Amino acid sequence: MARRDAQDMLNNNNLGDGGGPANVDAEGHAAEADRLAAGARQLDAITADFKPEVHFIGQIVGGQDFPTDLDGIFVEASLKYGDDWKLFEKNAVQLQTHTAYADDEGFFVFAHPFDFHFACESIQGWPKL
């Protein structure tokens, strides 16, 4: 009998729990069946819930008419989001731009990029910067 591929084994739920003859295919390939079972468990851990993922990609471009007499300014921002949102990179919650100086028209150019990657369960608690 021909060897079954991994998809057939997954579809037929023929991987077992790692402890019995269910891990042996028709030709007795126990090691391969164990490897496939381990891969299936790892895949389950990665894609367990099939939650939607959202990417916010953009930049803080700049601004003008800041109420200050200082020569250079910078922007500090923090990211707020609800309990139904999971941020993949926790260190990305706070950001700070470089110090910008006004051009001849009084516009401060920051051009500070951001890229936030979320998994979400609900639209409630939509992220705010």
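Computed from a predicted structure; not experimentally measured.
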For this session: Answer yes or no: is there a side-chain heavy-atom contact under 4.5 Å between Phe118 and Pro127?
Result: yes
Exercise. Going only through I, L, V, M, F, W and Y residues with side-chain contacts under 4.5 Å, is there a path from Val109 to Val61?
Worked result: no
Let me check something: any side-chain donor-acceptor pairs from residues 92-101 under 3.5 Å, sequence neighbours excluded? List them with distances.
from	atom 1	to	atom 2	distance (Å)
Thr97	OG1	Val75	N	2.9

Problem set entry | Polar side chain donor-acceptor pair, Glu89 to His117, under 3.5 angstrom | no
Exercise. Other than Phe74, what residues sit in its cluster of Ile, Leu, Val, Met, Phe, Trp and Tyr side chains whose heavy atoms are under 4.5 Å apart, directly or through others?
Worked result: none
Exercise. Any link between Val54 and Tyr81 through a network of hydrophobic side chains (Ile, Leu, Val, Met, Phe, Trp, Tyr) touching at under 4.5 Å?
Worked result: yes
Seminar exercise, completed: To the nearest 0.5 Å, atom CH2 of Trp126 lies from atom CG of Asp84 at 13.0 Å
Exercise. Judged by atom type as modelled, is there a donor-acceptor pair below 3.5 Å linking the side chain of Trp85 to the main-chain atoms of Gln124?
Worked result: yes
Exercise. Which ILVMFWY residues can you reach from Ile57 by hopping between side chains whose heavy atoms are under 4.5 Å apart?
Worked result: none
Exercise. With a 4.5 Å limit on heavy-atom distance, are the side chains of Phe110 and Ile73 in contact?
Worked result: yes
For this session: Find the distance between CZ (Phe114) and CG (Leu129) and round it off to the nearest 0.5 Å.
Result: 6.0 Å
